[in-house]
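Reminder, nothing fancy here: chain letters follow the sequence lines and each chain counts from 1.
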Amino acid sequence: MKEKFYITTPIYYPSANFHIGHCYTTIIADAIARYNRFKGKDVFFLTGTDEHGQKIENKAKEANVSPKEYVDEIVSNAKDLWKSLNISYDKFIRTTDKEHEVIVQRIFDKLYEQGDIYLGSYEGLYCTPCESFWTESQLVDGKCPDCGRDVSLVKEESYFFRLSKYQDRLIKMFNDNPEFLQPVSRKNEMINNFIKPGLEDLCVSRTSFSWGIPVSFNLKHVIYVWIDALSNYITALGYMSDNDTLFKKYWPCDLHLVGKEIVRFHAIVWPALLMALDLPLPKRIFGHGWLKIGDAKISKSSNNYQDPRTYVSQYGVDAVRYYVLKEVSFGNDGNFSVEALVSRTNADLANTLGNLVNRTITMVHKYFDGKINYCTNYLDTDTKLLNSVYELVDVVDNKMEELRVSEAISSIFDVLRDCNKYIDENTPWVLAKEGKMERLEVVLYTLLESIRVCAILLQSFIPDTSSKIFEQLNVKDSKYENLKDKVGFSVNQPVVLFKRIEDK
RNA sequence: CGCGGGAUAGAGCAGUCUGGUAGCUCGUUGGGCUCAUAACCCAAAGGUCAUAGGUUCAAAUCCUUUUCCCGCAACCA
């Protein structure tokens, strides 16, 4: 039986259309999902939307539509966006899905019945105009940090989850599983900042708004985001439903991919909920960095971004995919700008990769009418290149295992640069002029073989481009098992993969 | 003193765990080549590794100081 691999993105909050930051998270998840499929695993890739809450309720009111109508519009937009980015998700869950709502209620009931949820009251400093609760330390001069007005102490009846009860088990879990949270440096933050000072019980219901899943036994309350949103990772698989075959097959999750700002909920609240439900914990959580614009974070409210589809239609899906995957290194922030996108596309995709494929295939037609046999009579220079190409398979594999996607891609492009260098060192046009056709064939074979392997490895990141390269190389088999095929080539006509983007 | 991360050529980054001649991509300048998409290859210029001190034969790397930036602090990827 095939090894399974379950990977998730966060479920995004559809209060506005998605921006390039959402795309980054989803593209990196897609690349990891594709890579694991490529390695032969049985992959389940989940994404979706977290659609309840006050903010959506307000937004809908402003737009004079029902909350459901409001999110429907954004979700259909999002699905179109994922399609345009070649996102290969297996399921798109919405927290307004009937199946999800029913199970969330069952989870809430179960936790209540076993005493992990109790009725209490939430007391906090509340700014009425902003409809927000603040902690003491968040206040500026004792006033609301948003609007500067007075806050008042209010009490609201709420259900609470006994998070505090799981404190010791959480600490033990972190210590026993050093790889649980990636990058590892975030572990200290979780333990020092949150767990050690003492976990407070978590408020898991609200009475101040109604756009949410009702508590089944107390309809005044709606279930607050924690249980509603986090549990999507198991409700999507049919946990506690009539058909839980997916759940049995894929849980526990292999990788929850999340942005660094929600690491805490996934590293503390989610494991505690799972402990309460007596379920195995996810194997790994990766808190990635952000794409920023200049020094600013991308924000739905500040309008410093365009619809990502603009970039896709203008520069191509793989230009966008390549850019975000390459730009953000492991766990750190990256930058987004159109200038950098153009420069990266030209330098790497058009020049290094595109031009290499083009010049190689052109020579194969020019000197050999498109046909090159499998060769074995290598010189050192050939062996050196081919060895680095075959070693690349393991290099990429190790990097991907560590979730170092950017470095995995870089290592492929290093080899592509070596290919360009190899051409200049071996000057095929001189060999042709001197009539050394046997040597020339070995050189061109070495290049075609190198390109073939690189294209196979690039599939997870820029799938469309890899397909185009296979088409030109006339290569049919691009699976993991085909990496070391020994084949001759009968290539098709060269087609430009990426046109250079000229200044507008 | 809330917790954590960061500051390295003009730009974007790696290197820091495990101290040993400061590296990559882009950009700039010069040269080469002509198979190719103004491409490709070679070379050069350009850095007191944020700051001040300490440990050491030796510090970008370890310890401490200061400054600035970012994230978290009950939900913006």
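- Two residues, A:Tyr422 and A:Pro10, neighbour RNA chain B, and the one matched to the more 5' nucleotide by heavy-atom proximity is A:Tyr422.
- Between A:Lys371 and A:Asp369, no side-chain nitrogen of the basic residue sits less than 4.0 Å from a carboxylate oxygen of the acidic one, so the salt-bridge criterion is not met.
- A residue-by-residue look at A:Ile262 and A:Lys421 shows that A:Lys421 has its nearest nucleotide of RNA chain B further toward the 5' end.
- Between A:Asn346 and B:U37, a side-chain N or O to OP1/OP2 separation shorter than 4.0 Å is absent.
- For the pair A:Ile501 CD1 and B:C26 P, the interatomic distance rounds to 16 Å; values are reported in whole Å.
- With distances taken from any side-chain atom of A:Ala350 to the nucleotides B:U37, B:A77, B:C75, the minimum falls on B:U37.
- The side chain of A:Asn355 lies closest to B:C40 when the candidates are B:A77, B:A73, B:C40.
- Here the side chain of A:Val225 is nearest to one of B:C40, B:C75, B:C76, namely B:C75.
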Annotated structure of RNA chain B as dot-bracket, pair cut-off 3.5 Å, Watson-Crick or G-U only, | for inter-strand, is .(((((((.[[[[.)....(..]]]].(((((.......))))).....[.[[[..)....]]].])))))).....
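- Cation-pi contact between A:Lys79 and A:Phe92: present, with separation from the ring centre below 6.0 Å and deviation from the ring axis of at most 45°.
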What are the atom names and distances for every N/O pair under 3.5 Å that joins the protein to nucleotides 11-17 of chain B?
residue: B:G12; atom: O3'; partner: A:Asn335; partner atom: ND2; Å: 2.7
residue: B:G12; atom: O2'; partner: A:Glu327; partner atom: OE2; Å: 3.2
residue: B:C13; atom: OP1; partner: A:Asn335; partner atom: ND2; Å: 2.7
residue: B:A14; atom: OP1; partner: A:Ser329; partner atom: OG; Å: 2.8
residue: B:A14; atom: OP1; partner: A:Asn332; partner atom: ND2; Å: 2.8

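- Between A:Asp348 and A:Arg344 a salt bridge is recorded (basic side-chain N to carboxylate O distance below 4.0 Å).
- Remark: A:Glu434 CD is packed, more than 12 non-hydrogen atoms of other residues, nucleotides or ligands lying under 6.0 Å away.
- Spacing between atom CG of A:Leu416 and atom P of B:C40 amounts to 12 Å, rounded to whole angstrom units.
- Across all strands shown, A:Asn426 has no heavy atoms under 4.0 Å from either base or sugar-phosphate atoms.
- Between A:His266 atom NE2 and B:A74 atom P the separation is 17 Å, expressed in whole Å.
- Rounded to whole angstrom, the span from the NZ atom of A:Lys260 across to the P atom of B:A73 amounts to 13 Å.
- For A:Trp226 (side chain) and A:Cys203 (main-chain N/O), a donor-acceptor pair under 3.5 Å exists by modelled atom type.
- For A:Asp318, the side-chain hydrogen bond (donor to acceptor under 3.5 Å, both in side chains) test picks out A:Thr465, with sequence neighbours left out.
- Remark: A:Lys260 engages A:Asp333 in a side-chain hydrogen bond (donor to acceptor under 3.5 Å, both in side chains) (not counting sequence neighbours).
- If you check B:C42, B:U37, B:A77 against the side chain of A:Leu291, the one that comes closest is B:A77.
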Given protein heavy atoms under 4.0 Å, the one-letter contact record of nucleotides 29-35 of chain B, with B base, S sugar-phosphate only and - none, is simply ---BSSB
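- To the nearest angstrom, C1' of B:C40 lies 14 Å from CG of A:Leu353.
- Under the salt bridge (charged side-chain N to carboxylate O under 4.0 Å, His left out) criterion, A:Arg404 pairs with A:Glu402, A:Glu407, sequence neighbours left out.
- Using a 4.0 Å cut-off between charged nitrogen and carboxylate oxygen, A:Asp30 and A:Arg321 count as a salt-bridge pair.
- Checked against a 6.0 Å centroid threshold, the rings of A:Tyr24 and A:His288 count as neighbours.
- For the pair A:Asn346 (side chain) and A:Asn351 (backbone), a donor-acceptor distance under 3.5 Å is absent.
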